[in-house]
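A note on names: the letters A, B, ... follow the listed sequences, proteins ahead of strands, and every chain is numbered from 1. Since the structure is predicted, the reported quantities are computational estimates derived from the model, not experimental observations.
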Number of protein chains: 2
Amino acid sequence: MDNQQIKDAGLKVTRPREKILGILERSGRRHLSAEDVYKELLTNGDDIGLATVYRVLTQFEGAGLVCRRHFETGQSVFELNSGDHHDHLVCVRCNRVVEFVDPMIEERQSAIAAQHGFHIEDHSLVIYGVCTDCAANA
Amino acid sequence: MDNQQIKDAGLKVTRPREKILGILERSGRRHLSAEDVYKELLTNGDDIGLATVYRVLTQFEGAGLVCRRHFETGQSVFELNSGDHHDHLVCVRCNRVVEFVDPMIEERQSAIAAQHGFHIEDHSLVIYGVCTDCAANA
DNA sequence: TAGCAAGATGCGAAAGCTTCTCAGTTGTCT
DNA sequence: AGACAACTGAGAAGCTTTCGCATCTTGCTA
């Protein structure tokens, strides 16, 4: 249950936090910017400030409930943490995002980091391209 | 010769453009932020505005002379385009950047994009971690 | 259940990076 | 050299994100 996740993160259960988590869970899109979440709240008639949206998303990130990604669009996008790591394919025309996982790539990354004496903390692989639909409508 | 590269890009050869290209070529570091370039210019006694630095770097990027990368630090870094694609390993403590190329990863990426019907335009793989030196001084 | 302290919120202000505007300057071509 | 388009510097402005602070809530206690 939602509230439990928030409590487990050591946070008080407040209206903004419940609403924001709800939006992340119920939104059709998996990747939302802070602005997207904020607009969704306004649409629902919730009077929650943008600063709070950022604060809450940052806390959720710290608690491991969501992941933040910086795509080259200049905005950060947030997605519910599904537990398993994955990378992204982004369409530069329509901004569609596809997730994928490739064990071989993951493995090569570890090998490369080790080879350079790095201890991996995180990584981000984003492939930018044009999806079938957009290529068709070109 | 420098000037030729600028001309080939369809740009006029001006002092700011020559200086900026020179800094990119002669800097020890391969990855510089716009701010880094600007500070270097000031140190050299060149009176060139930050806006111009951004403009010129953006033009160089368009001309294929340099590549721009958005690391998660919030700043963009620019590097001279050496022709061959490569990925990055970034130390989250000291910001050291190591470049690498892994044919197998490149190949898997193409396969994955094809599998999802994407036509690749670009991609960015950044591994964030702690380098040996920083791990030692922890 | 009333009351309290720590923690959250909302608002506006501010920060950091990047781009824009515009008047004045400079390169290039003839 | 002259003309015109291109370029520049400085500051204003734009965007996303964070901060500061007075006010309000939550979760705990008596």
Legend entry - Separation of atom NZ in A:Lys7 from atom P in C:dG7, rounded to whole Å: 17 Å

Inset, instruction - Assign each of A:Ile48 and B:Thr58 to its nearest nucleotide of DNA chain C by heavy atoms, then name whichever residue's nucleotide is nearer the 5' end. - result: A:Ile48

With 3.5 Å as the limit, what N/O pairs link the protein to nucleotides 22-26 of chain D?
from	atom 1	to	atom 2	distance (Å)
D:dT26	O2	A:Lys12	NZ	3.1

Inset, instruction - For the side chain of A:Arg68, starting at C-beta, report the closest nucleotide among C:dT18, D:dT8, D:dT18. - result: D:dT18

Inset, instruction - Over all heavy atoms of both residues, which pair between B:Ala34 and B:Leu50 is shortest? Give the atoms and the distance, please. - result: O-CD1, 4.2 Å

Legend entry - B:His70 NE2 - D:dT17 C1' separation (whole Å): 16 Å

Legend entry - Qualifying residues under salt bridge (charged side-chain N to carboxylate O under 4.0 Å, His left out), relative to B:Glu107, sequence neighbours excluded: none

Inset, instruction - Share the residues that join B:Met104 in a hydrophobic cluster, the rule being Ile, Leu, Val, Met, Phe, Trp or Tyr side chains under 4.5 Å apart at the heavy-atom level. - result: A:Met104

Inset, instruction - Only one of A:Arg29, A:Arg30, A:Arg69 passes salt bridge (Lys or Arg N to Asp or Glu O under 4.0 Å) with A:Glu99; say which it is. - result: A:Arg30

Inset, instruction - Look at A:Ser76 and D:dT17 and indicate whether a side-chain polar atom (N or O) is within less than 4.0 Å of OP1 or OP2. - result: yes

Inset, instruction - Round to the nearest Å and state the distance from A:Phe71 atom CZ to D:dT17 atom P. - result: 13 Å

Inset, instruction - Return yes if some donor-acceptor pair links the side-chain N/O of B:Asp8 with the main-chain N/O of B:Gln5 below 3.5 Å, else return no. - result: no

Inset, instruction - For A:Arg108, enumerate each residue passing the side chain to side chain donor-acceptor pair (under 3.5 Å) test, keeping only those at least two apart in sequence or located in another chain. - result: B:Asp102

Legend entry - Side chain to side chain, B:Glu106 and B:His123, heavy atoms closer than 4.5 Å: yes

Which pairs, protein N/O on one side and nucleotides 21-24 of chain C N/O on the other, fall under 3.5 Å?
from	atom 1	to	atom 2	distance (Å)
C:dT21	O4	B:Arg55	NH1	3.4

Inset, instruction - For B:Ser33, answer base if it contacts any base atom (sugar-phosphate contacts may also be present), sugar-phosphate if it contacts only those atoms, and nothing otherwise; contact means non-hydrogen atoms under 4.0 Å. - result: nothing

Inset, instruction - To the nearest Å, give me how far apart CD (A:Glu35) and P (D:dG14) are. - result: 15 Å

Inset, instruction - Kindly write out the residues that satisfy side-chain contact (heavy atoms from CB on, under 4.5 Å) with A:Arg55, not counting sequence neighbours, or none if the list is empty. - result: A:Ala51, A:Thr52

Inset, instruction - Could you check how far CD of A:Gln59 sits from P of C:dG7, rounded to whole Å? - result: 12 Å

Legend entry - Whole-Å distance separating the OH atom of B:Tyr38 from the P atom of C:dT19: 16 Å

Inset, instruction - Give a yes/no answer on whether the side chain of B:Tyr54 brings an N or O atom under 4.0 Å of OP1 or OP2 in C:dT19. - result: no

Inset, instruction - For B:Leu11 and for B:Gln75, find the nucleotide of DNA chain C with the closest heavy atom, then tell me which residue's nucleotide is more 5'. - result: B:Gln75

Inset, instruction - Take the protein atom CG of A:Leu50 and the nucleotide atom P of C:dG10, then report the distance between them rounded to whole Å. - result: 11 Å

Legend entry - Interatomic distance where CG belongs to B:Leu42 and P belongs to D:dA10 [whole Å]: 10 Å

Inset, instruction - Identify the two heavy atoms, one from A:Ile6 and one from A:Lys12, that lie closest to each other, and give their separation to 0.1 Å. - result: CG2-O, 3.6 Å

